Amino acid sequence: IFQSGAIPRDEYIAEYRPEYPAMQYINSKLSTDARILFFFLGNRGYYCDREYVFDLENNRSMFHQVVANTCDLEEVSLRLKERGITHLLVYHKIFDKWVRTSFAPERQRLIRTFFKKSLKRLLSQAGYGIYAL
C-alpha cells in the first residue's frame, strides 16, 4: 500500500506509530538546539531529529528525582534546565497513571501545577503532549 502510493508515507507511519505526528511537530517546529525529555515513549525516538533523552534510564526517573527533591515550581524548572532540557514529550495515558501511583498527593499537586503554570503546551494529539519549558 505504501509503496504503491495509495497512502502517503507520513500517514502510513502515523497509522502504526501514534507518536509520529508529535515527532513531525518536533522536527519542523522546534529549534535545532532543543533537547526533549521523553516520557513513556517505549524507547522510540528514531523519528526525532532533535536531541532527546528518555526520562527512565537504568530504571531511574530523572523527573521523579527532580520532583522528589525540590520545594517549588521554579526549582523543578531550574533542575530540568540545568540538565539541558528545553521541552517535554509526554504520553499522558501512562504518565498520568505513573504520577498517581508514584507520588504522594502533595507532589501530585506540584506536578499538576508545574504543567499548568511552568510549561507551555505546544501540541496535544493522540494522547501525546509537547511542552516548552
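All values derive from a computational prediction rather than experimental measurement.
Listed by first and then second residue, the salt bridge (charged side-chain N to carboxylate O under 4.0 Å, His left out) pairs involving residues 101-130 amount to none (not counting sequence neighbours). Residue pairs meeting the side-chain hydrogen bond (donor to acceptor under 3.5 Å, both in side chains) criterion with at least one member in residues 80-93, sequence neighbours excluded, are Arg79-Glu82, His92-Asp96, His92-Tyr131.
Applying the side-chain hydrogen bond (donor to acceptor under 3.5 Å, both in side chains) rule to Arg44 yields the partners Glu19; only residues at least two apart in sequence or on another chain are considered. A search for side-chain hydrogen bond (donor to acceptor under 3.5 Å, both in side chains) contacts involving Ser118 returns nothing, not counting sequence neighbours. Taking the ring-ring contact (aromatic ring centres under 6.0 Å, His included) definition, one finds that Tyr20 meets it with Tyr47, sequence neighbours left out. For Asp72, the side chain to side chain contact (heavy atoms under 4.5 Å, CB included) criterion is met by Glu74, Glu75, not counting sequence neighbours. Listed by chain and number, the residues in a side chain to side chain contact (heavy atoms under 4.5 Å, CB included) with Thr32 are Arg50 (sequence neighbours excluded). Considering only residues two or more places apart in sequence or on other chains, His64 meets the side-chain hydrogen bond (donor to acceptor under 3.5 Å, both in side chains) condition with none of them. By the side-chain hydrogen bond (donor to acceptor under 3.5 Å, both in side chains) test, Ser124 pairs with no residue at all, sequence neighbours left out. Residues passing the ring-ring contact (aromatic ring centres under 6.0 Å, His included) test with Tyr16 are Tyr12, sequence neighbours excluded. Applying the ring-ring contact (aromatic ring centres under 6.0 Å, His included) test to Phe54 and every residue at least two apart in sequence or in another chain returns Phe38, Tyr52.
Contact of the Leu89 side chain with the Phe40 side chain is not registered, since no non-hydrogen atoms from C-beta on lie closer than 4.5 Å.
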